[in-house]
Structures are given as structure tokens and as C-alpha cells.
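Have a look at the structure below before the remarks.
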Amino acid sequence: MARLVLPMLENFSHCLCSATKASLSQAHAHILKNGISLPETIQIFSKLDHFGHVIRVFSYMLTQGIVPDSRVFPTVIKTCAALSALQTGKQMHCFALVSGFGLDSVVLSSLLHMYVQFDRLKDARNVFDRLPQPGVVTSSALISRFARKGRVKETMELFHQTRHLGVELNLVSWNGMISGFNRSGSYLDAVLMFRNMHLEGLKPDGTSVSSVLPAVGDLEMPLMGIQIHCYVIKQGLGPDKFVVSALIDMYGKCACASEMSGVFDEMDEVDVGACNALVTGLSRNGLVDNALEVFRQFKGMDLNVVSWTSMIASCSQNGKDIEALELFREMQTEGIKPNSVTIPCLLPACGNIAALLHGKAAHCFSLRNGIFNDVYVGSALIDMYAKCGRMLASRLCFDMMPSRNLVSWNSLMAGYAMHGKTSEAINIFELMQRCGQKPDHVSFICVLSACTQGGLTKEGWFYFNSMSRNHGVEARMEHYSCMVTLLGRSGRLEEAHAMIKQMPFEPDSCVWGALLSSCRVHNRVDLGEIAAKRVFELEPRNPGNYILLSNIYASKAMWAEVDTVRDMMRSRGLKKKPGYSWIEIKNKVHMLLAGDSSHPQMPQIIEKLAKLTVEMKKSGYVPHTDFVLQDVEEQDKEQILCGHSEKLAVVLGLLNTKPGFPLQVIKNLRICRDCHAVIKFISDFEKREIFVRDTNRFHQFKGGVCSCGDYW
DNA sequence: ATAGGGTTAG
């Protein structure tokens with residue numbers, strides 16, 4: 001019937017909008033003649049999801065003096081929810097009350113659902129309290145919504161109140177609460193709900209199990225996980241695919257790699273969801289290569305966006321950045337469309353190796369596909385552009401975001417800090433608070449490290465002291481590390497050492513390491529030895545620390561001590577971490593290794609470097625050979641310096657790009673003083689702008705000077 | 001006429 005009269009109704013509705021009074025009354029008469037009343041018209045439009053028409057007919061109905069009945073109100077109220085029309089919805093609420101429907105349970109129930117949709121839990125709760133006899137569905141909708149908000153106390157209160165009213169909550173209600181607690185991160189409450197439902201004699205079903213397992217995993221409760229696994233087997237819930245995926249995920253989070261694989265292998269039929277959970281679980285346990293293997297093995301199957309995205313995320317989180325970029329390209333040739341999660345998983349890979357062109361391509365992709373308003377995408381772009389040396393683009397992304405979260409602010413601040421833009425970082429820190437965003441412990445790491453770059457010890461102390469006093473953020477290990485670096489770098493080594501001694505908890509290897517590397521900057525043997533002793537106890541297998549101490553000795557020509565440290569390394573089987581540099585040239589990322597001759601253009605690189613060295617010496621350059629660890633002849637030291645990967649990468653860039661084209665190099669260690677001097681020279685001699693990002697910060701070379709002002 | 005629950009990617 002609705003189908004037959006629809007054209008007529010549509011016509012009527014359009015007359016409502018625009019036509020003259022005469023044609024409107026004609027249309028109205030027409031539908032009346034066909035036996036369709038206005039309230040009925042409303043029901044028909046509502047069933048067809050023509051929400052605009054519902055409201056229009058409703059207003060017209062009122063002008064005709066027809067009083068809404070108990071059936072019209074729920075429909076119109078539902079329509080308000082669907083249209084996100086809060087004001088109209090509130091008017092309906094008042095209207096229903098004055099029309100005498102204040103006790104009508106259907107009207108009240110529809111109002112409650114409307115307020116729940118608008119996230120106005122207080123209003124929803126008020127309506128609930130007026131319901132003479134709340135139903136299961138209505139009650140559990142409200143309860144699970146409170147749970148989803150993380151309002152544990154109110155959820156439980158409502159839960160008990162409901163049962164007191166005699167509402168028998170069923171499995172669906174309990175499951176709703178469990179998943180609600182999960183979404184708000186109240187994992188322990190989710191687990192407790194699961195246990196309580198079990199104690200009350202309800203039989204958890206597949207949905208209950210797959211709802212509670214993520215919480216068990218996040219809490220890392222493997223014993224509870226095993227119990228639930230047994231329950232799954234006993235109840236025969238094994239064939240449920242959601243349950244299997246959730247089990248794999250739980251074991252992965254609990255570091256039970258073999259149990260995880262066991263569940264996967266016992267599956268009768270391979271499921272994509274389970275496969276995705278396995279990939280994530282493997283890389284979470286440091287087995288990226290196995291994850292890639294599994295992924296390749298099941299590539300023939302119908303892998304989906306989630307599969308590709310999780311593989312990309314695994315790669316970019318585990319140092320396989322180039323692989324991540326390749327996967328992104330590959331998924332598109334396979335016809336899988338990246339979505340708003342894929343982009344923020346890929347962007348860190350671009351940032352890590354400063355693959356600006358790939359990053360821009362991902363940015364363009366998100367613009368073309370309308371996923372630029374996503375907070376995660378925006379924050380990831382801010383971070384990517386900052387790490388690729390493009391602070392202006394980074395700031396632009398920040399400014400264009402329709403809404404920002406803590407991560408967006410922190411990313412921008414970290415970017416400024418990394419670029420040595422201390423005052424900008426501090427300004428952002430102040431601005432975020434004026435915008436109502438509370439800083440967290442990460443924000444303080446950002447602002448303190450910004451102070452480090454500018455040597456602002458006074459400001460650093462100010463922010464450090466204000467942390468717990470004014471912001472309720474307790475200082476963690478990282479904040480002490482930052483302070484030690486800040487003080488140490490600026491030459492206040494005694495102050496840094498005193499700070500470590502006064503820490504309220506045991507300093508870890510990072511804190512002592514910060515002191516050690518500051519001692520390297522100022523070549524302080526005595527304090528360096530103290531710091532090194534502690535670092536070697538706490539972190540005996542990190543070669544970088546031995547190198548630092550050895551370099552301190554080398555700078556004072558204490559070759560016997562250098563030998564002792566080198567012997568220590570050798571006896572512990574440690575080797576110096578090789579220095580790598582990356583440079584992106586014409587959309588291809590080249591990786592260069594110190595002293596490695598495998599790059600096809602190596603002969604040209606060496607030739608060019610030799611020419612440059614001649615020019616440098618003419619202009620008075622003396623190599624900073626004290627940075628070479630080995631006790632060798634001066635001539636050989638120069639040779640060793642020649643091979644530093646950042647220099648090779650810069651020269652490779654010079655050879656393969658047009659004159660004047662800016663270069664950008666990333667290094668996996670800190671830039672050395674000699675390379676710093678050489679690149680300053682090159683930037684002037686070759687008239688190039690050169691960006692070098694090391695593990696600490698950005699160096700922007702232009703016209704023979706560096707943006708760090710030789711302070712790093 | 002109103003109306004509730006699940007896994008895997010940030």
C-alpha cells in the first residue's frame with residue numbers, strides 16, 4: 001500500500017515546502033480522499049526513512065489543528081534523533097508533556113533513546129526515573145551507554161536500581177555492559193562483570209567471551225585467559241570465529257606466542273579475522289618476520305583492509321619502514337582501498353626515514369578520499385611533516401584540523417622541539433592550556449626537550465617544578481632524563497649529577513646515559529667514569545655507552561683507557577652499532593652504511609668527496625679527528641671520517657639532484673662534529689640547503705651555518 | 001509506536 005500511495009505522498013510533501021496555499025490544500029484533499037490521514041502519512045515516511053518529510057507533515061498537522069496522539073510522538077521523537085535535531089527533540093519532549101503523555105511508556109522510551117543518542121546521559125537518566133515499568137531493552141541501552149562512557153559508579157547504580165525494579169536483565173544486557181566497559185578502557189570492570197554473570201548462574205555465550213577477552217589481554221591476565229579458553233572448549237564455542245580471533249589476540253597480548261599459534265593451527269577453516277589477529281600478535285611479540293611470512297602465506301585468501309593495515313602497522317613499528325611503504329603500494333595494486341586507519345599506520349614509516357614524497361603521496365590520498373578531517377590522520381601528518389623537516393607544512397596541518405586532541409598538540413610541540421624552535425614549542429605549550437587542553441606527561445617531555453635545544457635551564461626548572469604542583473602530573477623517569485640532559489648539555493654537570501642523586505626513585509640506564517653523553521659533550525673524564533660505571537651495570541649490552549666513554553678517553557688521548565673499554569666490549573661480544581643514513585632521491589629511498597662500498601655510485605661519491613676536501617682545506621678546514629675511536633695515524637683517521645654515512649648520503653644527493661635542490665638526510669645515530677663542519681662547508685660551497693635529522697634533532701644547514709648554532 | 005550485545009588495524 002505504501003508503495004502505491006508514495007508518489008502522491010511525495011507530491012503532498014513537496015507542496016508543503018514551496019507551493020501556494022491553494023495547491024497545498026488541493027494536495028491535502030487528494031490524500032484525504034484516498035483515505036490517508038496525516039498521522040498515517042507520518043508513519044509511512046518514518047518507515048521509509050524520509051525524516052525531513054516526517055517533520056514537515058508533523059508541522060503541517062499542527063497548523064491543521066490535529067492533536068498528536070500517543071503513536072505520533074514516538075515516531076517524531078525518533079526522527080529528531082535520526083536528524084540530530086536536539087532543539088526540536090527538546091521541544092517535542094515539552095510538547096509531549098503538556099499534551100498529557102508524561103507517563104506514556106512508549107513516548108518516554110523513545111525520549112530516552114533520543115537522549116542516549118545525543119549523549120545527554122543526564123537527561124536520559126531523568127526520563128528513565130519517570131518510567132513506571134522500564135523494559136529490558138530500554139534499561140540495558142542506558143546502562144551500557146553509561147558503561148561506554150567509563151562512568152562505572154553510575155553504571156553499577158543504575159544496574160542495581162533496574163534489578164530492584166524487577167527488570168530481569170538478560171545475556172544481551174550483560175554483554176552490553178562488558179563491551180561498554182571495554183570501550184571506555186575500564187578493563188577490570190569488564191572482567192568483573194563477566195565473572196559476576198558467571199557467578200549468578202548465567203551462561204556466557206560467544207558474544208560474552210569475545211567481549212571480555214580483549215580486556216583480559218590488556219590486563220595481561222594469562223591465567224584468566226586460559227580459564228576462559230577452557231570454558232570455550234567445554235561449552236563448544238570453538239567454531240565461533242569471533243571467539244577464535246579474540247583468543248588469538250588475548251594470547252598475543254599476554255606474550256603467549258605458542259598458545260596463540262596453537263589456537264590458530266587448531267582452526268578448521270582459516271578465517272581472515274584470525275589471520276589478522278595472528279599477524280598483530282606475532283609482531284607484538286617481536287616476530288615481525290614471522291608475521292610477514294604468515295601474511296604472504298595467506299595473501300591468496302581474501303585479505304581485507306584490516307589485514308593490510310595491520311601488516312603495515314607492524315612494519316612501521318618494527319623498523320621495517322621501506323617494507324611498509326612497499327606494502328602500501330602493493331595493497332592498492334591488489335585492489336584494496338586504504339582507509340582512515342591505514343594512513344596513520346603508514347605515515348610514521350614515512351617520518352622515520354624522512355620519505356617526504358611518500359608522505360606527501362599519502363597526504364594526497366587522504367585528501368582525494370575525504371579522510372582529512374580525522375584526528376588520527378591529522379596528528380600523524382603533523383608528525384610526518386615535522387620529521388621530514390617541513391615545519392611549516394606540519395603547522396599548516398595542525399591549523400587546518402577541525403578538532404584536535406592531546407596527540408595533535410604534543411606532536412606539534414615535539415616537532416618544534418626537534419627543530420630547535422624552543423620559543424615556538426613553549427608558545428604551543430601555553431596555547432594548548434588556554435585552549436582548554438590539559439598537558440599530560442608527554443607534553444612535559446616535549447617542553448623540557450625544547451628547553452634542552454635552546455639551553456634554557458631556567459625555564460626547564462620552572463616547567464619541571466610546575467608539573468606536579470600546578471598540573472597534577474608526577475615526574476617520571478623520562479622527565480628526569482630530560483632535566484639531566486638539559487643541565488648536562490649546558491655544562492651544569494654537577495647540578496645534573498646532584499639531581500640524579502636526589503631522585504625519589506632509582507634512576508635507570510637512560511638517566512645515567514644522559515649524564516654520560518653530556519660528559520662526552522664536555523669531555524669530562526671524572527664524572528663520565530661515574531656515570532659509565534652505573535650505565536654498564538644497568539645496561540651492559542648497549543654498545544653505544546661504551547663508545548661514549550671510549551670517545552671521552554680518546555679526546556684526552558688516554559689510549560690505554562680506550563683500549564680497556566674496547567676490550568670490555570670485545571669480551572662481552574658487543575660491536576659498535578653501524579651508522580646508517582637515508583636519503584630520498586626521486587621517490588626512491590637510498591640507505592648508506594658507513595664504510596660500505598656496495599652502493600653502485602660509490603666511486604663517484606669518493607671522487608666528489610675528495611674534490612670537496614681539497615676545497616675545504618684551502619679554506620682552512622682541519623678535520624675533527626678526535627671523534628675517531630681508533631688509535632691510528634692521523635692520515636688514516638681522515639680516511640675513516642671520509643666514510644661516515646651522513647657525508648656519503650649528502651654527496652650522493654649532490655650527484656643526483658639539480659644544483660640548488662635542497663637535500664635531506666636521516667641518520668640513525670647522532671651527527672658527529674666533523675660531519676657537522678663538513679656539511680656546513682658544503683651548504684655554502686655548493687649553495688644548497690641541507691637538512692640532517694639525527695637521533696636527537698634537526699640540523700638545517702644553509703650558507704655555511706647550521707640552525708642548531710653549533711649547540712646540540 | 002519506542003528498543004540493547006562480539007574479534008582483528010591507529
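So you know, we letter chains A, B, ... as the sequences are listed, proteins then strands, and number each from 1. Values in this document were obtained by computation on a predicted structure and should not be read as measured data.
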What string of B, S and - do you get for nucleotides 1-6 of chain B, 5' to 3', if B is base contact, S is sugar-phosphate-only contact and - is no contact with any protein heavy atom under 4.0 Å? BBBBBB
Roughly, in whole Å, what's the span from [atom1] in [X] to [atom2] in [N]?
X	N	atom1	atom2	answer
A:F194	B:dT7	CZ	C1'	15 Å
A:M267	B:dT7	CE	C1'	12 Å
A:F372	B:dG10	CZ	P	24 Å
A:D302	B:dT8	CG	C1'	14 Å
A:D383	B:dG10	CG	P	16 Å
A:I312	B:dG10	CD1	C1'	12 Å

When all nucleic acid strands are considered with a 4.0 Å heavy-atom cut-off, which category describes A:N339: base, sugar-phosphate, or nothing? base
By the 4.0 Å heavy-atom rule, please label A:S340 as base, sugar-phosphate, or nothing. base
Aromatic centroids of A:W308 and A:F328 separated by under 6.0 Å: no
Going by atom types alone, do [X] and [Y] pair a side-chain donor with an acceptor below 3.5 Å?
X	Y	value
A:Q43	A:T75	yes
A:S179	A:N182	no
A:S109	A:T138	yes
A:N285	A:N290	no

Quick one: CD1 on A:I77 to OH on A:Y115, what's the gap to the nearest 0.5 Å? 8.5 Å
More than 12 heavy atoms from other groups under 6.0 Å of CZ on A:R163: yes
Residue list, side-chain contact (heavy atoms from CB on, under 4.5 Å) with A:S443, at least two apart or on another chain: A:L406, A:N410, A:M413, A:F429, A:M432, A:P439, A:D440
A:H198 vs A:Y231, side chain to side chain donor-acceptor pair (under 3.5 Å): CA-CA, chis, key distance, verdict: CA-CA 11 Å; A:H198 196 49; A:Y231 178 81; 4.9 Å; no
Of residues 275-283 of chain A, the positions that come close to DNA chain B - non-hydrogen atoms, cut-off under 4.0 Å: A:N276, A:T280
Looking at B:dT8, B:dT7, B:dA9, which one has an atom nearest to any side-chain atom of A:A313? B:dA9
